[in-house]
Amino acid sequence: MKPTQDIVAELSWRGLIHQMTDPEELPRLLREQSVTLYAGFDPTADSLHVGHLVALMTLRRFQQAGHRPVVLVGGATGMIGDPSGKSQERNLLSREQLRHNVEAIREQLARFVDFDCGPLSAVLVNNYDWMKDFTYLDFLRDVGKFFPVNVMLAKESVKARLESEAGISYTEFSYMLLQAYDFVHLYDEHGCLLQIGGSDQWGNITAGIDLARRMRSVQLYGLTCPLLTKADGTKMGKTEQGALWLSPQRTSPYRFYQYWINVDDADAGRCLRFFSQLPREEIEALDRSREQEPQKRASQKQLAEELTRLVHGPEGLQRAQRATEIFFGREIDQVSQEELEEIFADVPHAQLPRQLLEEGLPVVDALVRSGLCRSKSEARRLLAQGGAYVNNRRVAEAEALLTPEHLVTSSSLVLRAGRKKYAVLQFE
RNA sequence: GGGGGGUUUCCCGAGCGGUCAAAGGGGCCAGACUGUAAAUCUGGUGGCUUAUGCCUUCGCAGGUUCGAAUCCUGCACCCCCCA
């Protein structure tokens, strides 16, 4: 079977190739035949995050180009902890936790690759399945024997930790053996020839290639994607609340959407190339749009729309856009309780007795009780500086009172502090 | 073991015994400008019934004094020099 597209050329103009083994042979192979390839994801949390998105999208592109992806969930490797790119030894997760995480991640993966499309259907595997019965002695004899420690010590992931205060445990040191063996196993079981991953995975990937050569006398390949960093050098996908997660429970579709809407111009081009499905001409048209009419923010809108739809589905996107309209729109008038609940779903809510409102609740108190201000002094300051809003209408008088007239539904009203911080007050 | 220096509000850092809730910078918050951007500018940045008022805060515990972050004593931790 032939691939439908030159994947290397595609990845290349998008800037998605950091390194590959055998740059002569691999592109030719990928042009000539449909290849089975894999990428692994360790279940360190019950959701993937934006950091995983580069590899995920690349896997997706491979499938669309006519190759077959194997997605590996690291039930076994997750028990050990990958030292790559980590400056500290990490705590081990419990088996319970891992099982839960594996299940959760499994569902998310289905959004990116197609598990039901004939011969190119993606395959989902868990390395716990083949590692769990591998005894320590067998592993040392069959796999460990092929790993010269001096080579292992030279790997960047290990070297960095050896030189640091934190050091590295034998457990994490052994991580690369497991990942290397995964590659060999997937070659045996699925004819997997290529492993892809982030640039920090290079050492682990080449370890697998070496192992396959020694154990099976076969030539496997590796390809890594660059790490997604911002123009200022910091990591993409970090928010004040921590990582930007793919799970709607951890990061609401609204916040996910907003993250991309707010991407810096300097980063938008790279993001589009990395994450968008748009063809080259359209992305270049967006580049021009950013130059000539930046205020339209066409790139950010495209990015936010496409990614939110992919990760949260069309309904998720719609909710995020509707919320955006309200959040950045004019005054909030009458809305139904359901609508308000939906739009402000991930905004903090506070419940107060209705009587307070009947008696007239000072805005200062409301700001504190909603959690938007930490003290009355802070609330007064906010009021004085013009940063306090009730139902998106600025309130500046320090003594202003909230009354039932301020309700936008039968029992709720919306407070805002500054540009973007909201809270819903419910009176019962 | 001997000698010296330090510990200040989120961080760095200044601080005459009263006029110190404590300079300045950073960060953070708000506002203006704008494109829900960046840069810039302005204001704010312990709490309280907003008050020429009260309370809490300057490593910890005591003391001197009308009055202490500022002086004294002890304790803890950190740094430097000599042995």
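If you're wondering where the values come from, they're calculated on a predicted model, not measured in any experiment. Below, each value reflects all heavy atoms present in this structure, side chains not excepted, and no hydrogens, waters or symmetry copies.
When the side-chain nitrogen and oxygen atoms of A:Lys420 are compared with OP1 and OP2 of B:A37, one or more of them lie within a distance under 4.0 Å. For A:Lys376 and B:U49, the shortest distance from a side-chain N or O to OP1 or OP2 is below 4.0 Å. Between A:Ser377 and B:C48 there is a side-chain N or O to OP1 or OP2 distance below 4.0 Å. Between A:Tyr422 and the phosphate of B:U36, there is no side-chain N or O to OP1/OP2 separation shorter than 4.0 Å. Note on A:Arg394: a side-chain N or O is less than 4.0 Å away from OP1 or OP2 of B:A32. At B:G47, one or more side-chain N or O atoms of A:Arg381 fall inside 4.0 Å of OP1 or OP2 (strictly under the cut-off). For B:U50, one of the phosphate oxygens OP1 or OP2 lies less than 4.0 angstrom from a side-chain nitrogen or oxygen of A:Arg380.
Between A:Gln258 atom CD and B:G35 atom P the separation is 17 Å, expressed in whole Å. The separation between A:Ile261 atom CD1 and B:G35 atom C1' is 11 Å, rounded to whole Å. To the nearest angstrom, P of B:U49 lies 8 Å from CG of A:Asp365. Between A:Tyr259 atom OH and B:U36 atom C1' there is a gap of 15 Å when expressed in whole angstrom units. Between the CD atom of A:Glu378 and the P atom of B:G46 there is a distance of 10 Å, rounded to whole Å. If you take CG of A:Leu286 and P of B:A37, they are 20 Å apart, rounded to a whole angstrom. The distance from atom NZ of A:Lys296 to atom C1' of B:G35 is 13 Å, rounded to the nearest whole Å. Atoms CG (A:Asp267) and P (B:U36) sit 18 Å apart, rounded to a whole Å.
Remark: B:C41 base-pairs with B:G31. Criterion, Watson-Crick or G-U wobble with two distances under 3.5 Å. Partner assigned to B:A69 is none, using Watson-Crick or G-U wobble distances below 3.5 angstrom. In this structure B:G74 sits in a base pair with B:C60, meeting the Watson-Crick or G-U test at under 3.5 Å. When both distances must be under 3.5 Å, the Watson-Crick or G-U wobble mate of B:G53 is B:C48.
Across all their heavy atoms, A:Gly75 and A:Asn127 have their closest contact at N-OD1, 3.0 Å.
Separating the C1' atom of B:G18 from that of B:G13 is a span of 24 Å, rounded to the nearest Å.
For A:Gln385 against B:G43, a side-chain-to-base donor-acceptor contact under 3.5 Å is present. Below the 3.5 angstrom threshold, one finds no donor paired with an acceptor across the side chain of A:Gln295 and the base of B:U34. Taking 3.5 Å as the limit, the base of B:U36 and the side chain of A:Arg419 contain no donor-acceptor pair of atoms between them.
The side-chain heavy atoms of A:Met57 and A:Arg60, taken from C-beta on, include a pair separated by under 4.5 Å.
Looking at which nucleotide of RNA chain B each of A:Arg374 and A:Arg290 is closest to, the 5′-most match is held by A:Arg290.
With respect to A:Gln426, the side chain to side chain donor-acceptor pair (under 3.5 Å) criterion is satisfied by exactly one of A:Arg354, A:Glu341, A:His349: A:Glu341.
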Candidate pair A:Asp267 and A:Arg270, rule salt bridge (charged side-chain N to carboxylate O under 4.0 Å, His left out), full reasoning:
CA-CA 6 Å; A:Asp267 301 317; A:Arg270 258 160 74 77; 5.7 Å; no
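Here B:U36 is the nucleotide among B:G47, B:U36, B:A30 with the atom lying nearest to any side-chain atom of A:Thr324.
Contact check on A:Glu291 versus A:Arg288 returns no salt bridge, with no Lys/Arg side-chain nitrogen under 4.0 Å from an Asp/Glu carboxylate oxygen.
Among the heavy atoms of the strands, none lies under 4.0 Å from A:Tyr257. Note on A:Lys421: only backbone sugar-phosphate atoms sit closer than 4.0 angstrom, heavy atoms only; bases stay farther off.
Note on ring orientation: taking the six-membered ring where Trp is involved, the planes of A:Phe173 and A:Tyr170 are tilted (angle from 30° to 60°).
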